Number of protein chains: 2
Amino acid sequence: MTADCRPSEARVPDATVARLATYLRVLGVLRERAVTTVSSEELATAAGVNSAKLRKDLSYLGSYGIRGVGYHVSTLTDEIARTLGITVHRSVALIGVGNLGQALAGYNGFASRGFEIAALLDADPARIGSMILGHVVRDIADLEEVVAEHGITIAVLATPASVAQDVTDRLVVAGVTSILNFAPVLLTVPSHVDVRKVDLAAELQILSFHETRKAAAALAEAQ
Amino acid sequence: MTADCRPSEARVPDATVARLATYLRVLGVLRERAVTTVSSEELATAAGVNSAKLRKDLSYLGSYGIRGVGYHVSTLTDEIARTLGITVHRSVALIGVGNLGQALAGYNGFASRGFEIAALLDADPARIGSMILGHVVRDIADLEEVVAEHGITIAVLATPASVAQDVTDRLVVAGVTSILNFAPVLLTVPSHVDVRKVDLAAELQILSFHETRKAAAALAEAQ
DNA sequence: TAGATTGTTAATCGATTAACAATC
DNA sequence: TAGATTGTTAATCGATTAACAATC
């Protein structure tokens, strides 16, 4: 594979990838406001980062800015979307349609930012067959079939922790290579599979740590 | 403020704080299984990290291990919980009881890991006054009153993006100093307030980036 | 040309990790 | 004592950021 026109092979640091999603969101807001050009300083401020960091991040994608001018909102949007791979259609399966799963199924942010929830799956007979926001809930027993049907490679896991690993093993065999995990367990997967974990209680615990630190500082101040 | 007995003032790196929450979860599982002692190697494996990193992390809390033996599960649990500040009761307000907010209100993981959802607030008259999982939904107009009533310092923000900043400004004035933000906007807050952001679509975009990279690698392989 | 802003360099900072002396 | 495992050191790695030459 030659890469003489596109620098897409150049390794993009993890920290940069995470921020690209933020830049893309801000660019979307700018486009809605009919803003056509933006400087690194403006975009960085809107995204909550340092402008040097933003320019460094964008430099991994190539050279799409114009010195003395800034970046074209539309060009930059396209390049970031392409780098993130959301210019191709991405079908996502959502496993576990409990409390959280239903909320995720109804979350408009997925569709508006490049993803289609193509299938809902659950193990509960009471839920299987019911309609949730335009989708029939399918039996988890049909997981392999559903994944093949929609060419799914990304799954969102919102099952109870107790079954998360079993479901993961089946997803991997079925061909899923990316998992967004909401179950509070460490998933074991082969090296070609990526897992990202969202741990809501952990987020609160991190905030709690800083609360303690602030309370101690306030005490020291007062004394 | 003197600190001759407790090293709690020693700065704990951000990356370490985030992992402490994970260690605490794993220790909870061990305690359920009546395991009393664990080595850094075992705990690290269960948490998905390198054992050197785990020992380094724990060393910021003090010296609670026993050479040649490992760590007492109960001692370590207590010390991490104390460091994270979840030995004191933490009342949390949840703002925005839409799709996601309702799911968060019903999430058992909060209570089991040290937090009480003490109040639900919303602006929608159709929701105000209704009961959700044992809580009456209060009017967002009463925000200041509710925060004071329960001594709330941590808020979970699950409102539409359009009102997130306004609500945040009121929360800050009311005395909230930590916010877990699910709205896809950058919140502006004074420096004494901590914000953590959960961006679900961004998580999928990060996975999508790696999908693209893997697809390119597979192509290069095949060719 | 003059002013503005990018893309890149290099210094700095923080996090990770292997290795091992300390010690249970 | 012998074996095991911690806590810490120091080397390495990756990310951040100020500064500025390149250039629109």
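Predicted model, so just to flag it, every value in this text is computed and none were measured. Throughout, a chain's letter reflects where its sequence line sits, starting with A, and its residues are numbered from 1.
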Exercise. Could you say whether I66(A) or T16(A) is positioned toward the 5' end of DNA chain D, judged by the nucleotide with the nearest heavy atom to each?
Key: T16(A)
Quiz prompt | Rounded distance in Å - NZ (K53(A)) to C1' (dT8(C)) | solution = 17 Å
Self-check item: Nearest-angstrom distance from the residue atom CG of N50(B) to C1' of dA15(C)
Solution: 12 Å
Quiz prompt | Whole-Å gap separating C1' (dT17(D)) and CG (D57(A)) | solution = 12 Å
Quiz item: OP1 or OP2 of dG7(C) less than 4.0 angstrom from a side-chain nitrogen or oxygen of Y71(A), does that happen here?
Solution: yes
Practice problem: Look at the side-chain N and O atoms of S40(A) and state whether any lies under 4.0 Å from the OP1 or OP2 oxygen of dT5(C). | Solution: no
Quiz item: Picking from dT6(D), dA15(D), dT16(D), which would you name as closest to the side chain of R67(B)?
Solution: dT6(D)
Quiz item: Phosphate oxygens OP1/OP2 of dA19(D): is one of them under 4.0 Å from a side-chain N or O of R55(A)?
Solution: no
Practice problem: Considering only NZ, NE, NH1 and NH2 on the basic side and carboxylate oxygens on the acidic side, decide whether E116(A) and R90(A) come within less than 4.0 Å. | Solution: no
Practice problem: Mind running salt bridge (charged side-chain N to carboxylate O under 4.0 Å, His left out) on R113(B) and D199(A) for me, showing each step along the way? | Solution: CA-CA 11 Å; R113(B) 288 165 73 188; D199(A) 188 333; 3.0 Å; yes
Practice problem: Starting at atom NZ of K56(B), determine the distance to atom P of dT9(D), rounded to an integer number of angstrom. | Solution: 8 Å
Practice problem: Please state how far atom CG in L20(A) lies from atom C1' in dA15(D), giving the value in whole angstrom units. | Solution: 14 Å
Practice problem: Determine whether the side chains of Y23(B) and D57(B) contain a donor N or O and an acceptor N or O closer than 3.5 Å. | Solution: yes
Quiz prompt | Nearest-angstrom distance from the residue atom CG of L54(B) to P of dT16(C) | solution = 12 Å
Quiz prompt | Separation of dT6(D) C1' from L76(B) CG (nearest whole Å) | solution = 12 Å
Self-check item: For the student: nearest non-hydrogen atoms of L43(B) and V38(B), plus distance
Solution: N-CG2, 3.8 Å
Self-check item: Check: T87(A)/R82(A) side-chain N/O donor and acceptor closer than 3.5 Å
Solution: no
Practice problem: Quickly work out the Y64(A) OH to dT23(D) P distance and round it to whole Å. | Solution: 18 Å
Quiz prompt | Out of dG7(D), dA15(C), dA15(D), whichever nucleotide has its closest atom nearest the side chain of R11(B) | solution = dA15(C)
